2 protein chains.
Amino acid sequence: MSLLAINRFGGEAVYSQIARQLENEIQRFYQPGSYLPSEALLAQRFGVNRHTLRRAIEELMQSGLVERSHGKGTRVLDAPIDYTLGQNTRFTELLEAEGMTAVTRILRKLQIPARDGVAKRLGVPENTPVIWLETLRLVDERPYCVISHFVPLQRFPEMLDSYTGGSLHDFILSNYQVSLRRVESLVTATLPLGDDAGLLHMPQHQPVLRVKSVNVDVTTGVPLEYALTRFRADRIQLRICP
Amino acid sequence: MSLLAINRFGGEAVYSQIARQLENEIQRFYQPGSYLPSEALLAQRFGVNRHTLRRAIEELMQSGLVERSHGKGTRVLDAPIDYTLGQNTRFTELLEAEGMTAVTRILRKLQIPARDGVAKRLGVPENTPVIWLETLRLVDERPYCVISHFVPLQRFPEMLDSYTGGSLHDFILSNYQVSLRRVESLVTATLPLGDDAGLLHMPQHQPVLRVKSVNVDVTTGVPLEYALTRFRADRIQLRICP
DNA sequence: GTTATCGGCATGTCTAGATGAGTTTACTTG
DNA sequence: CAAGTAAACTCATCTAGACATGCCGATAAC
């Protein structure tokens, strides 16, 4: 274990040094899901007041490393998930490969006319009816992303009624015998809009990664799904391999 | 002016009530850029301890409403920009486009020992001397991204003195006859840290895209550069074509 | 066996005060 | 008048202590 020397005169705030030290220890010695020692204990160990220690832990919470719960303790969170963007990478598979369970919750299922962005990306005329499917994905009970899917209604007429959860791509594959392939992704970041912060259980001031992607029929190349995904930026890391 | 009644027994935290009250007053009576009364004054006005009032102001900072500066005061910020989808998507740029007509300004050029993250990605032992090059890129006078480059000192001994700007990859190519190839990128988003907000001329509460990338010698596959880029998220959109 | 209660321990909130450090203002001095 | 300096004002950090509130397991009552 490295020295836990807190330098009180070096200019750097004590709580900041403690935060760094704790971050280090967490990444080395703690399993996700395990609990930190209590604030009182940690304060004693570092030789600081409990308030100072709490300030340090607040830093760790900001960076999404730990989570406090009243009466229980401070829990170490999972490391951000590595999401490899490729042609066939699918969220569900990716997580199940890591031994995590992904749950998809349907938030909205509507028929709407395609506006410019959606119409353009799906390659259909404006006002063509499309299905707007809004889903929330959770991994081990914790929300990871909100996705707005847009698919042409004509192509998947029964989806409005019969899709009730699970992998959308699997649903399309088994009901329509069509495989999808990702052709392009646009990535940017914003602060969460609308209900996203609430749905993702995150503060309004922390950013989300927005990924726009178009999926085409793997055989014909026709665009069949346009998806706009908002990931909690502190829980996801996109890996791009050229 | 509305009543400023703080209910100390209603279950809601005092700081939270004050935050709400202040938010209300700010939106009604304060111009962006103006300063709030000092913490001591506000604490007196609400009849609470200064720490409690500071906690309330922290809430306001979290929601990006105000900004504190040491010694000056607490300033009301501009209303958050409404991110309309597609408004800024004209800035679409390829991540690969290194040779843009961008101006590169060198912020720092130092020799440091490689710490764990840098050492691991460059495949060198810890504390190996590396060059830490911090650059700011501007397009049309507007700051675009800040990049921290790390290259092994031993491999590029003269770079500390002779690199004075322009494309780093071109510099390496013409001085060392080595072409670089990007092997992987990790993308996430955070709020700007350190001086980044100031350098990028953006508010603290708007996110940056962080891209970690490793560049290797195109012939040998040896990692030669590790770069951590922070893009203004409102000016960039990464396009990923699998 | 099941339920209720209670105590110990965790985090959450609030107060009080001291000191440090950056910024601005006003005054003093040359 | 100008420059330098000191005071006053700002936020920043740290300490100390008190009490509230939520969680959980152990024990007691049913």
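Heavy-atom basis, side chains included; hydrogens, waters and symmetry copies ignored. For clarity, every value in this text was computed on a predicted model and none was experimentally measured. Order of the sequence lines sets the chain letters (A, B, ...), proteins ahead of strands, with each chain counted from 1.
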How long is the line joining [atom1] of [X] and [atom2] of [N], in whole Å?
X: Glu67(A); N: dC23(D); atom1: CD; atom2: P; value: 13 Å
X: Met61(B); N: dC11(D); atom1: CE; atom2: C1'; value: 10 Å
X: Glu58(B); N: dC11(D); atom1: CD; atom2: C1'; value: 11 Å
X: Tyr35(B); N: dC9(D); atom1: OH; atom2: P; value: 18 Å

Exercise. Under a criterion of less than 4.0 angstrom to any heavy atom of chain A, what are the 5'-terminal and 3'-terminal contacting nucleotides of DNA chain C?
Worked result: dA10(C) to dC14(C)
Partners meeting side-chain contact (heavy atoms from CB on, under 4.5 Å) with [X] (sequence neighbours left out):
X: Glu58(A); result: Arg54(A), Arg55(A), Met61(A), Arg68(A)
X: Lys72(A); result: Tyr35(A), Ser69(A)
X: Ala114(B); result: Val118(B), Ala119(B), Val124(B), Val130(B)

For this session: List for me each residue that meets ring-ring contact (aromatic ring centres under 6.0 Å, His included) alongside Phe171(B), sequence neighbours excluded, and say none if there are none.
Result: Tyr163(B)
Problem set entry | Set of residues satisfying ring-ring contact (aromatic ring centres under 6.0 Å, His included) with respect to Phe156(B), sequence neighbours excluded |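 With neighbours one apart ignored, the set is Tyr176(B).
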Exercise. So, Glu59(B) and Arg20(B), do they make that salt bridge, N to O below 4.0 Å?
Worked result: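 No, Glu59(B) and Arg20(B) are not salt-bridged.
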Exercise. Dot-bracket for DNA chain D, 5' to 3', counting Watson-Crick or G-U wobble pairs under 3.5 Å, with [ ] for crossing pairs and | for inter-strand pairs?
Worked result: ||||||||||||||||||||||||||||||
Seminar exercise, completed: Counting primed atoms, P, OP1 and OP2 as sugar-phosphate and everything else as base, the B/S/- map of nucleotides 13-22 of chain D against protein heavy atoms under 4.0 Å is BBBBB---BB
Exercise. side-chain hydrogen bond (donor to acceptor under 3.5 Å, both in side chains): which pairs involve residues 121-132 of chain B, sequence neighbours left out?
Worked result: Arg115(B)-Asn127(B), Trp132(B)-Glu134(B)
The criterion is salt bridge (Lys or Arg N to Asp or Glu O under 4.0 Å); which residues satisfy it with [X], sequence neighbours excluded?
X: Arg105(B); answer: none
X: Arg8(A); answer: none
X: Glu23(A); answer: none

